[in-house]
**Q** 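Supplied in structure tokens, the structure appears directly below.
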Number of protein chains: 2
Amino acid sequence: MTQPSDIPSKSPKPDGRVARGEITRARVLDAAERCFAATGFDAVSIRQIAAESGVTLGVVGFHGGSKEELFRTVLARRTETLNRLRRESLAQLRANESVTLEDLIDAYITPYLDIASRGDPQWRAYAQLIARLVSDDRYYPEMKDRYDPVALEYLAAIAELYPKADPQLMATALVLTVASMISIVASNLRIDGLSGKPAPRTPLGYRKVLVDFCAGGFRRAIE
Amino acid sequence: MTQPSDIPSKSPKPDGRVARGEITRARVLDAAERCFAATGFDAVSIRQIAAESGVTLGVVGFHGGSKEELFRTVLARRTETLNRLRRESLAQLRANESVTLEDLIDAYITPYLDIASRGDPQWRAYAQLIARLVSDDRYYPEMKDRYDPVALEYLAAIAELYPKADPQLMATALVLTVASMISIVASNLRIDGLSGKPAPRTPLGYRKVLVDFCAGGFRRAIE
DNA sequence: TGACTTTTTATACGAACGTTCAGATAGTTT
DNA sequence: AAACTATCTGAACGTTCGTATAAAAAGTCA
């Protein structure tokens with residue numbers, strides 16, 4: 001079930017063979033990703049990560065460095081892929097003649113819903129890890145450099161549709177859009193609780209209502 | 001500056017005098033509230049809370065019990081007040097002839113923005129603590145019983161305006177509304193980063209754009 | 001094969017953790 | 001004043017934490 005990861009190995013040998021420890025390293029990072037996503041940085045111990053990845057304690061330090069370094073490595077690992085997906089969605093839209101606000105929001109949101117809904121549990125873990133961090137200003141300086149550039153590209157594209165809109169209102173609307181998007185990934189529980197029926201199983205099941213909500217809110221907020 | 005707390009003391013003596021340790025207990029709970037809000041449950045040590053409240057280590061245990069108990073006490077302490085504010089807002093609306101969706105959303109989110117913007121740093125801390133917890137399914141079972149009843153009252157009021165709307169879509173829209181509301185309290189930083197200008201200083205400054213966004217999104221999502 | 005590098009094991013260290021408690025202190029009641 | 005209860009102090013307990021490291025094992029290259 002685990003599809004091949006699209007994360008480049010750190011140091012491939014010139015002849016193409018990966019270094020010996022690369023498999024172990026991936027196992028450690030994957031386990032760390034799952035643990036950090038499940039309970040957050042502080043609640044996870046190196047020993048838990050070691051047990052989860054099936055290696056001994058020292059190996060985690062050998063491949064991951066300090067706990068802080070390990071955490072930042074996990075954070076950084078998949079951002080480029082996610083950014084690329086979002087940029088591709090945007091480029092694809094630009095090929096069309098008429099682009100709506102709904103198209104743009106859908107293009108921004110769907111890659112994230114997509115990876116959170118994939119079969120690959122690692123991508124799901126990463127999506128949940130991000131959801132855990134956005135509510136914490138401690139990690140913003142780090143996230144800023146990784147995610148804001150693409151967000152600004154989308155803001156620029158939206159600004160073409162609404163040239164007279166206040167930039168600050170648009171930035172706020174985008175932040176609210178992201179918060180809505182992430183809340184869907186972070187918790188499926190509450191929607192179940194508030195409506196009688198069981199909610200969709202995967203984040204992708206919320207794609208339509210999410211785009212509706214965010215686009216409707218966005219348009220209303222900036223006018 | 002610290003205005004009198006509206007939290008009832010635990011065990012007032014029959015003659016009205018508070019028990020001796022009640023002041024200390026409040027100091028401990030306040031300090032715990034600030035610490036938990038700042039960095040989350042796991043990153044805070046009892047010793048930090050003791051230092052923050054200016055008492056010795058044992059006193060924290062004496063008044064707060066175990067760390068888990070202390071945390072749950074802090075969580076529970078202010079919920080009734082917040083629920084009361086929201087119920088009062090709703091009751092005030094019902095006195096009016098015509099109530100709009102905007103009115104209802106404003107009535108729901110304003111008490112929260114209000115306490116997060118107050119001078120009292122303890123209410124601000126509590127608001128941020130809540131923001132930290134909603135993204136964590138571990139605490140949902142606990143939060144559910146405290147907050148969902150009032151949320152359901154608002155859902156019912158909205159349902160009166162839109163009798164034909166799908167309950168599940170409405171529940172989803174409310175969850176997205178709450179997520180938007182909380183994201184404003186959780187982080188002021190990103191909006192600054194995405195627009196050039198500095199953002200409003202307090203959450204209340206976002207009241208209008210937030211109501212616009214959520215009401216516009218809500219109406220669009222359920223139709 | 002033997003020298004060399006990379007990886008893994010097993011263990012240890014000091015620090016910090018949550019919790020407990022006997023005894024000191026202070027306030028209240030008789 | 002004496003007995004009593006509530007509160008606080010200071011120190012200790014056993015555990016777990018992150019990190020470091022010497023030595024063993026495995027793999028690579030001459």
**Q** Roughly how many Å is it from CD1 in B/Ile23 to P in D/dC8, rounded to a whole number?
**A** 9 Å
**Q** Could you give the CZ-to-C1' distance, from B/Phe62 to D/dT7, as a whole number of Å?
**A**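 Spelled out: CZ on B/Phe62 to C1' on D/dT7 is 5 Å.
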**Q** Please identify each residue that fulfils side-chain hydrogen bond (donor to acceptor under 3.5 Å, both in side chains) with A/Gln128, with sequence neighbours left out.
**A** none
**Q** For nucleotides 18-27 of chain C, give me one character per nucleotide, 5' to 3': B if any protein heavy atom sits under 4.0 Å from the base, S if the only such contacts are to the sugar-phosphate, - if neither.
**A** BB------BS
**Q** Among residues at least two apart in sequence or on other chains, which ones pass ring pair (Phe, Tyr, Trp, His ring centres under 6.0 Å) with A/Phe213?
**A** B/Phe213
**Q** Could you list the residues that satisfy side-chain hydrogen bond (donor to acceptor under 3.5 Å, both in side chains) with B/Asp192, not counting sequence neighbours?
**A** none
**Q** Is there a side-chain polar atom (N or O) of B/His63 under 4.0 Å from OP1 or OP2 of D/dA6?
**A** no
**Q** Can you list, pair by pair, the side-chain donor-acceptor contacts under 3.5 Å of residues 196-204 of chain B, counting residues two or more places apart and other chains?
**A**
none

**Q** Could you note down all residue pairs passing ring pair (Phe, Tyr, Trp, His ring centres under 6.0 Å) where residues 36-55 of chain A supplies at least one of them, sequence neighbours left out?
**A**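 For residues 36-55 of chain A: A/Phe36-A/Phe41, A/Phe36-A/Phe71, A/Phe41-A/Phe71.
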